[in-house]
Amino acid sequence: MSDFKVNPAPQNDTPGAMLGRVIVSFVLFLAGLVLIGVGATADPAIAPYVFGGGIVAASLAFGLPMIGASKG
């Protein structure tokens with residue numbers, strides 16, 4: 001058989017920074033959902049901007065935890 005070993009993941013962040021990033025990501029995701037909902041019912045003059053802002057906020061919520069990630 002082969003000697004397969006898994007390298008441990010490097011700990012780049014402190015647990016507090018990681019928890020803060022998770023909380024900020026969760027808030028951004030919820031804010032994005034709210035903005036998408038408001039954009040669907042808002043004044044037609046600003047609706048595309050609010051809706052687009054919601055999509056950007058939700059996208060940032062998924063991208064934020066990837067800061068500092070590497071292929072390994």
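- Note that CG of Leu33 is 11.0 Å distant from CG of Leu28, once rounded to the nearest 0.5 Å.
- A pairwise comparison of heavy atoms in Ile46 and Ala42 identifies CG1-CB, 4.4 Å as the closest pair.
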Cut-off 3.5 Å, no hydrogens considered: what does the side-chain donor-acceptor table look like for residues 50-61, sequence neighbours left out?
from: Ser59; atom 1: OG; to: Ile55; atom 2: O; distance (Å): 2.8

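- For Phe62, the ring pair (Phe, Tyr, Trp, His ring centres under 6.0 Å) partners are Phe29, not counting sequence neighbours.
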